[in-house]
S.K.: 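The structure follows.
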Amino acid sequence: MALLVRLLPLALALALGPAATLAGPAKSPYQLVLQHSRLRGRQHGPNVCAVQKLIGTNKKYFTNCKQWYQRKICGKSTVISYECCPGYEKVPGEKGCPAALPLSNLYETLGVVGSTTTQLYTDRTEKLRPEMEGPGSFTIFAPSNEAWASLPAEVLDSLVSNVNIELLNALRYHMVNRRVLTDELKHGMALTSMYQNSGIQIHHYPNGIVTVNCARLLKADHHATNGVVHLIDKVISTVTNNIQQIIEIEDTFETLRAAVAASGLNTVLEGDGQFTLLAPTNEAFEKIPAETLNRILGDPEALRDLLNNHILKSAMCAEAIVAGMSMETLEGTTLEVGCSGDMLTINGKAIISNKDTLATNGVIHYIDELLIPDSAKTLFELAAESDVSTAVDLFRQAGLGTHLSGKERLTLLAPMNSVFKDGTPNIDAHTRNLLLNHMIKDQLASKYLYHGQTLDTLGGKKLRVFVYRNSLCIENSCIAAHDKRGRYGTLFTMDRMLTPPMGTVMDVLKGDNRFSMLVAAIQSAGLTEVLNREGVYTVFAPTNEAFQAMPPEELNKLLGNAKELANILKYHIGDEILVSGGIGALVRLKSLQGDKLEVSSKNNIVNVNKEPVAEADIMATNGVVYAISSVLQPPAIRPQERGDELADSALEIFKQASAYSRAAQTSVKLAPVYQRLLERMKH
């Protein structure tokens, strides 16, 4: 019973999961970062937090583990400083920050947290200071002194020239009529302000940064007798328009406005939610070739994919981005959103010209380049961004360009540029037909391909799919990069030119003069039918030189013994198709003779039983042929192995003899059997 009592709390914790334990609810991301900063500062005394400060600025951040070791914010170097954690202060002569700040009212707390300008403007209004000093429970998101100083002069003048209306309303918009601590500030929530019940948007990011209308929380949870103060880095203003309404009133979004209307996405952009719109300006659309832009604008599906690729699934304020992160779009793609100094970047490019235009349902960043997703591109456009430009030039020269830019559903098997490092083939009828066999008659995805599948080409051939442990191959060519799926076509980047099969293994051998002696040997051994019928074979084919390299006596003896010849030849035939791209480091391939062949590959050189292959991947309809320069010999049974076999046989006979010995004592009929077993044991 005592053990049960001790284990009960653990069982409850496991049942409740990580979000709720006996220590209380899970900490928010902000609290976790603050906890890490406190941990890093504890060597300097109690309640000391480590803070990262951007060199050359006044920007400070509580540090998480990753930032602590990288010592960078948005790629810029930082220095570590140590200061009192929120809510604590130093005591002369003592280490660290041992004393809790004395509780006072909101007005006095503004001065304590470093928002004396807010305090000053509160004084100028007739009504607000008495509220801040009186009874109640309020939250104020107080702009720092630097935030007020950074306001445009005309905005600040309009506020201070009408303190009891404009300034009072602005300050009331920073206030909430109840106490709200950071653990209640949830991502995507809206708080009701004390100015006409206007909404304040809260975003609480996984990296611990909290924003209020995209202003960053600098110091949080400063308690007062009548509420709580959070210091923020901007003066915030009311938000009344949704994303769609902002697009409609901004002149720089004229083309975007027309595209949104044509796609029907206006219902999304004016509806509920919290999105980030990476809004292309008119200039961004003008950078795209007219032919490409007109094609996309005239294709509703491609247009919708294009616009969805500019909409992130969650609101992302610029202040929350301190390092690169992957974010998913409504299109289903991911964009790398990062920063470099003060500039935001998309996929590594600093293309955001204006950031943090806030809407009721998200945030808008203006961008000067269009982000065209693969799903809106032609095969030509996909190839332009891939390592297959040489192959695409060949298709164009062969007069096959219309297949790559039209509405035909197909998959292009495009060899990578390195395949042609020694030159490109001349464009003739044979090459054109070969290129047609690099086009599959359907738009495929590699993840759905399976072993043994056949694919029809525009050239009239059927190509086989081979799935190996670490590679996916179509005939002799293997996929070298993730496929790119376009509007109508899919691009597979391949590691070599594909060679479709041209007859059975026997046809291949007969058509190549290097194998005339092998063909004669196969016919003598009675294996012609095997290599002509349907099947899956890997044939390591000795060339004429391989046979001629054998001692004449040994060769004549082999060719004169059909049974032994068949045994040797079967050892050269694997019982599955193994192309060179599927070999990896080492594969043990079972032969038709029964023993296994050791096939390895290193630095693009294939070896079988440690002998180099002269030519790989000669494709046939029922297999693949490798030309080799020696005749392979099956492994001989070693004496030790032979001794082990004899010992096993003798043990089995002994067991049988013992059994019959006992039985023979009671049965005259079993006595002769017992005698025969004894004779076997003598041998």
S.K.: Are any non-hydrogen side-chain atoms of Ile243 and Ile364 less than 4.5 angstrom apart?
M.R.: yes
S.K.: For Ser418, enumerate each residue passing the side chain to side chain contact (heavy atoms under 4.5 Å, CB included) test, keeping only those at least two apart in sequence or located in another chain.
M.R.: Met416
S.K.: Could you check whether any side-chain N or O of His204 sits under 3.5 Å from a backbone N or O of His187, counting only pairs where one atom can act as donor and the other as acceptor?
M.R.: no
S.K.: Which atoms form the tightest heavy-atom contact between Cys317 and His203, and what is the distance?
M.R.: SG-ND1, 4.3 Å
S.K.: Could you check whether atom CG of Asp393 has more than 12 heavy atoms from other residues, nucleotides or ligands sitting under 6.0 Å from it?
M.R.: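 Yes.
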S.K.: Evaluate whether atom NE2 of His482 has more than 12 neighbouring non-hydrogen atoms of other residues, nucleotides or ligands under 6.0 angstrom away.
M.R.: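 Atom NE2 in His482 is not crowded, with 12 or fewer foreign heavy atoms closer than 6.0 Å.
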S.K.: On a heavy-atom basis, which atom in Met343 and which in Ala350 lie closest, and how many Å separate them?
M.R.: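 In this case the closest contact between Met343 and Ala350 is SD-CB, 4.0 Å.
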S.K.: Taking the inter-plane angle between the rings of Phe540 and Tyr626 on a 0 to 90° scale, is it parallel (under 30°), tilted (30 to 60°) or perpendicular (over 60°)?
M.R.: parallel
S.K.: Is there a donor-acceptor pair under 3.5 Å between the side chain of Asn417 and the backbone N or O of Thr390?
M.R.: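 Pair found, side chain donor or acceptor close to backbone of Thr390.
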S.K.: Flag the pair Glu475 and Lys461 as a salt bridge only when some basic side-chain nitrogen lies within less than 4.0 angstrom of an acidic carboxylate oxygen.
M.R.: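 Lys461 and Glu475: not salt-bridged.
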S.K.: Check whether any side-chain heavy atom of Glu336 sits under 4.5 Å from a side-chain heavy atom of Asn347, and report yes or no.
M.R.: yes
S.K.: May I have the step-by-step check of side chain to side chain contact (heavy atoms under 4.5 Å, CB included) for Leu455 and Leu444, ending in yes or no?
M.R.: CA-CA 10 Å; Leu455 310 173; Leu444 304 174; 4.0 Å; yes
S.K.: Is the shortest heavy-atom distance from the side chain of Ile474 to the side chain of Phe492 under 4.5 Å?
M.R.: yes
S.K.: Whether the side chain of His572 engages the backbone of Val631 through a donor-acceptor N/O pair (distance < 3.5 Å, no angle test) should be reported.
M.R.: no
S.K.: Using every non-hydrogen atom in the two residues, find where Leu358 and Cys214 come nearest and quote the distance to one decimal.
M.R.: CD1-SG, 3.6 Å
S.K.: Determine whether the side chains of Gln593 and Asp595 contain a donor N or O and an acceptor N or O closer than 3.5 Å.
M.R.: yes
S.K.: Output, in order, the C-alpha distance, side-chain angles, deciding distance and verdict of side-chain hydrogen bond (donor to acceptor under 3.5 Å, both in side chains) for Asn207 and Tyr61.
M.R.: CA-CA 11 Å; Asn207 60 8; Tyr61 296 81; over 6 Å; no
S.K.: Test side-chain hydrogen bond (donor to acceptor under 3.5 Å, both in side chains) on Asn309 and Thr333 and set out the steps.
M.R.: CA-CA 7 Å; Asn309 199 51; Thr333 57; 2.5 Å; yes
S.K.: Provide the closest heavy-atom pair for Gly459 versus Asn437 in the form atom of the first, atom of the second, distance.
M.R.: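 Heavy atoms only, the tightest pair is CA-OD1, 3.2 Å.
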S.K.: Can you tell me which residue among Asp507, Ile522, Thr504, Val508 is in a side-chain contact (heavy atoms from CB on, under 4.5 Å) with Leu531?
M.R.: Ile522
S.K.: Applying side chain to side chain contact (heavy atoms under 4.5 Å, CB included), run through Leu404 and Met439 and close with a yes or a no.
M.R.: CA-CA 10 Å; Leu404 306 184; Met439 296 182 182; 4.0 Å; yes
S.K.: Any heavy-atom pair between the side chains of Ile352 and Ile346 that's under 4.5 Å?
M.R.: yes
S.K.: Just by distance, do the side chain of Thr457 and the backbone of His438 share a donor-acceptor pair under 3.5 Å?
M.R.: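 No: the side chain of Thr457 does not pair with the backbone of His438.
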S.K.: Just by distance, no angles: are the side chains of Thr411 and Gln443 close enough, under 3.5 Å, to form a donor-acceptor pair?
M.R.: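 No pair is found: no donor N or O on one side chain lies under 3.5 Å from an acceptor on the other.
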S.K.: So how far is it from Ser263 OG to Leu297 CG, rounded to the nearest 0.5 Å?
M.R.: 10.0 Å
S.K.: Any heavy-atom pair between the side chains of His310 and Ile367 that's under 4.5 Å?
M.R.: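 Yes. Closest side-chain heavy atoms under 4.5 Å.
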S.K.: Could you measure the distance from the CG atom of Asp368 to the OG1 atom of Thr252? Nearest 0.5 Å is fine.
M.R.: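 So the gap between those two atoms works out to 8.0 Å.
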S.K.: Would you please test Arg295 and Ser405 for side-chain hydrogen bond (donor to acceptor under 3.5 Å, both in side chains) and show each step?
M.R.: CA-CA 11 Å; Arg295 175 183 62 77; Ser405 57; over 6 Å; no
S.K.: To the nearest 0.5 Å, how far apart are NE2 in His403 and CG in Leu400?
M.R.: 5.5 Å
S.K.: Can you confirm whether Asp428 is buried at CG, in the sense that more than 12 heavy atoms of other residues, nucleotides or ligands lie under 6.0 Å from that atom?
M.R.: yes
S.K.: NZ of Lys287: more than 12 outside heavy atoms within 6.0 angstrom?
M.R.: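 Counting other residues, nucleotides and ligands, NZ of Lys287 exceeds 12 neighbours.
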S.K.: side-chain hydrogen bond (donor to acceptor under 3.5 Å, both in side chains), that's the test. Do Asn242 and Gln244 meet it? Break it down for me.
M.R.: CA-CA 6 Å; Asn242 60 44; Gln244 179 62 29; over 6 Å; no
S.K.: I would like to know whether Lys441 and Leu458 meet side chain to side chain contact (heavy atoms under 4.5 Å, CB included); could you show each step before the answer?
M.R.: CA-CA 6 Å; Lys441 285 184 177 180; Leu458 295 186; 3.7 Å; yes
S.K.: Okay, side chain of Thr431, backbone of Asn426: is any donor-acceptor separation there less than 3.5 Å?
M.R.: yes
S.K.: Working to the nearest 0.5 angstrom, can you tell me the gap between Phe253 CZ and Phe285 CZ?
M.R.: 10.0 Å
S.K.: Flag yes if more than 12 heavy atoms outside Glu328 fall under 6.0 Å of its CD atom; otherwise flag no.
M.R.: yes
S.K.: Does a side-chain heavy-atom distance below 4.5 Å link Phe420 with Met497?
M.R.: yes
S.K.: Let me confirm one number: the CD1-CZ distance from Ile296 to Arg487, rounded to the nearest 0.5 Å.
M.R.: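 Rounded to the nearest 0.5 Å, the CD1-CZ separation comes out at 10.5 Å.
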S.K.: The test is salt bridge (charged side-chain N to carboxylate O under 4.0 Å, His left out); show your working for Lys59 and Glu319 and say whether it passes.
M.R.: CA-CA 11 Å; Lys59 281 191 170 184; Glu319 283 295 334; 3.8 Å; yes
S.K.: For Met316, does its backbone N or O pair with a side-chain atom of Thr276 as donor and acceptor, under 3.5 Å?
M.R.: yes
S.K.: Output, in order, the C-alpha distance, side-chain angles, deciding distance and verdict of side chain to side chain contact (heavy atoms under 4.5 Å, CB included) for Thr63 and Thr78.
M.R.: CA-CA 11 Å; Thr63 179; Thr78 63; over 6 Å; no
S.K.: Measure across Leu509 and Val625 and return the closest heavy-atom pair with its distance rounded to 0.1 Å.
M.R.: CD2-CG1, 4.1 Å
S.K.: Can you tell me how far apart CD1 (Ile351) and CG (Leu278) are? Round to the nearest 0.5 Å.
M.R.: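 Those atoms lie 7.5 Å apart.
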S.K.: Quick one: does Asp305's side chain have a donor or acceptor within less than 3.5 Å of a partner on Lys377's backbone?
M.R.: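 Side chain of Asp305 to backbone of Lys377: no pair is present.
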S.K.: Report yes or no: does Asn476 contribute a side-chain atom to a donor-acceptor pair with the main-chain N or O of Val579 at less than 3.5 Å?
M.R.: no
S.K.: I'd like to know if the side chain of Arg257 and the backbone of Glu250 have a donor-acceptor N/O pair within less than 3.5 Å.
M.R.: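 The answer is yes, because a donor-acceptor pair under 3.5 Å joins these two groups.
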S.K.: Does Glu611 use its side chain to pair, donor to acceptor, with the backbone of Ile628 at less than 3.5 Å?
M.R.: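 Not a single qualifying donor-acceptor pair exists.
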S.K.: What I want to find out is whether Lys484 reaches Asp374 closely enough, with some N-O distance under 4.0 Å, to be called a salt bridge.
M.R.: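 Answer for the salt bridge query: yes.
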S.K.: Using a 4.5 Å cut-off on heavy atoms from C-beta on, say whether the side chain of Leu472 contacts that of Val465.
M.R.: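 Of all side-chain heavy-atom pairs linking Leu472 with Val465, at least one is under 4.5 Å.
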S.K.: Can you see which heavy atom on Gly271 is nearest to which on Asn361, and at what distance?
M.R.: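 Smallest interatomic distance, heavy atoms only, reads O-ND2, 3.0 Å.
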S.K.: With a 4.5 Å heavy-atom cut-off, do Thr499 and Asp617 have their side chains touching?
M.R.: no
